[in-house]
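Numbers here simply count residues along the sequence, with the first being 1. Only this structure's heavy atoms are used, side chains among them; waters, hydrogens and symmetry mates stay out.
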Amino acid sequence: MAGLRLGPLLRYADASSATVWVEASRPCTAEVRCTDGAGGTARTFQVAGHHYALVPVTGLTAGTATAYEILLDGARVWPPPDSRFPPSEIRTPDAEAHGVRVTFGSCRWAAPPAGGHDPVGPDALDSLAARLAADPTAERPDVLLLLGDQVYADEVSDATRERIAARRGLTDPPGAEVADFEEYTWLYYESWLDPEVRWLLSTVPSCMVFDDHDVVDDWNTSAAWLADMRATPWWRERLLSGLTSYWVHQHLGNLTPAELAADPLYAAVRATPDGTDVLRDFACRADADPASVRWSYRRDFGRVRLLMVDTRAARVLGEDGRAMLDSGEARWLRDQILDGPGSYDHLLIGTSLPWLLPHLVHDAEAWDAALCRGERGARWARFGEKLRRAADLEHWAAFPTSFAALTELIAEAGTGAQAPASVLVLSGDVHHAYVAEPRWPDGAGPDARVLQLTCSPVHNSIPVSIRVGFRFGWSAVARALGRRFRRHGRCPRPPVDWRKTGGPWFGNQLMSLTLNGRSARLRLEQARGNSVLTAVEESELTS
């Protein structure tokens, strides 16, 4: 008899259809059966001895909520008979009735077992689950955006470290880090089998994108970094396994049913008894030619457009043409933003790395990029590369041409009679939260309200010294210091200025947007003791 190893995860949901992801213990037919008669089935596909299914659900009714159960080969496996949570539901959106609610964050280190000491404090996702489970009528997200670092391949828990030691020892590289696909599955079990998170992801649709720790810290920082990694004996297996496990666990669920039906890779994996080689060949091509793969994607929620942008695998790393996005990816982003002028009221750009940083950090990254491309000579270039890796100087500011291009594109999208009410850049990565607002020279900015909204971590920590540094980075003294960096690197002024309008806030937290017509409202909540989410900021962004 097949058992449910992981899931269910409710991934996609629109007015009439949804997709639900599961992992089973053996080959089987997975079925989603809803109380209102909607449902769907899918046969599992195999990867490296594991069995997965993404079940398409059809026949749903817009603006309704229907409980569902999971059956494997006809036997019910979800909800568990002893569940303490309400039934998992598929809620189909009705944007005209209540607008769209979007909750986002990033950087979730797996919680310890129940009853264990949590060194980084309460998990914000656990706290959100506790609130929704306690009050089924509470306001809930229409979609949960997880903006990177869903798992930490290079920073495992004590329990996973012990499993690695028992399996292969810790002597040979990569030591106490994930080495292959099987060990990646352990990270997802540890993260997604957390009871509160498991229930939450079964009943709130989710969109995901990777960041560096899903593979390794500072993934694709520079061409020199990549050359050094490729010279190690363990890197290739780590990368191929990281891309394969991401495709299986995260990327598939990001796609719409129509995209899944047209995806030749998905069809090939499902058509073969074992899709491992098919996916490894795909990962090899992605490694050899990152431009051959697109991890970015678009989702529309009524009159809200979401673009989730890959800022890791799509990079151009050569110092002479360094870019956050390759030409194809940049063209795709532009096409999606400018598609159908006037067809959306709010544009959300999900990028794991912030576009606007504290001023000192931005200027330091631009300066370091100038050093690395040789503006001050070979000695400074070597220093710049060492500093880039040591200080994680690899956000949008470290790709000045890309920063300017994104700034110009945002201004273009937000200008004119058909401009949206807001253009909101949603980011994580930096283990704190803040709101920043750009100002274009001579008041020539867009008509839309443009904001950088950064929220991180969901469940992690930040040293006190780094907290102090981020606070200082916004100060007038820091801005003056940053200007000195820019002059030394012969860097031009950024095409926009910006100011911090909220934060910084430190703690495990989630940021939420309520988008209704042309109005947008922001709420930031932090996880406190006893699994309670406490609002620390609420504000109107547009009205």
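- With hydrogens and angles disregarded, no donor-acceptor distance shorter than 3.5 Å links the side chain of T272 to the backbone of G275.
- Sorted by first and then second residue, the pairs that involve residues 268-280 and meet salt bridge (Lys or Arg N to Asp or Glu O under 4.0 Å), not counting sequence neighbours, are E237-R280.
- Remark: R388 does not engage E394 in a salt bridge, criterion side-chain N to carboxylate O under 4.0 Å.
- Not a single side-chain hydrogen bond (donor to acceptor under 3.5 Å, both in side chains) links D126 to another residue, sequence neighbours left out.
- Checked against C207 for a side-chain contact (heavy atoms from CB on, under 4.5 Å), the options L145, V102, L147 give a single hit: L145.
- We find the CG-CG distance between L333 and D310 to be 11.5 Å, quoted to the nearest 0.5 Å.
- A salt bridge does not link E182 to R167: none of the charged side-chain nitrogens sits closer than 4.0 Å to a carboxylate oxygen.
- Here the rule is side chain to side chain donor-acceptor pair (under 3.5 Å) with Y188, and of Q250, R5, H249 only Q250 fits it.
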Residues V215, F210; criterion side-chain contact (heavy atoms from CB on, under 4.5 Å); working and verdict: CA-CA 8 Å; V215 176; F210 48 42; 5.8 Å; no
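- Taking OG of S106 as the reference point, atom CG of L353 lies at 9.0 Å (rounded to 0.5 Å).
- The number of heavy-atom neighbours closer than 6.0 Å to CD of E408, taken from other residues, nucleotides and ligands shown, is 12 or below.
- Aromatic pair Y68/W78: centroids not less than 6.0 angstrom apart.
- Because its NZ or CZ atom is both nearer than 6.0 Å to the ring centre of F399 and within 45° of the ring axis, R322 counts as a cation-pi partner of that residue.
- Proximity of the aromatic rings of F282 and W295 is defined here by a centroid distance below 6.0 angstrom, and this criterion is met.
- At most 12 heavy atoms of other shown residues, nucleotides or ligands fall within 6.0 angstrom of atom CZ in R161.
- Each of R91, R140, E89 was compared with T203 under the side chain to side chain donor-acceptor pair (under 3.5 Å) criterion, and only R140 meets it.
- Note: L200 CG to W192 CH2 = 12.5 Å, rounded to the nearest 0.5 Å.
- Ring-plane geometry between Y266 and F45 is classed as perpendicular, the angle between the planes exceeding 60 degrees on a 0 to 90 degree scale with a lower cut at 30.
- Side-chain atoms of D73 come within 3.5 Å of backbone N or O of T29 as a donor-acceptor pair.
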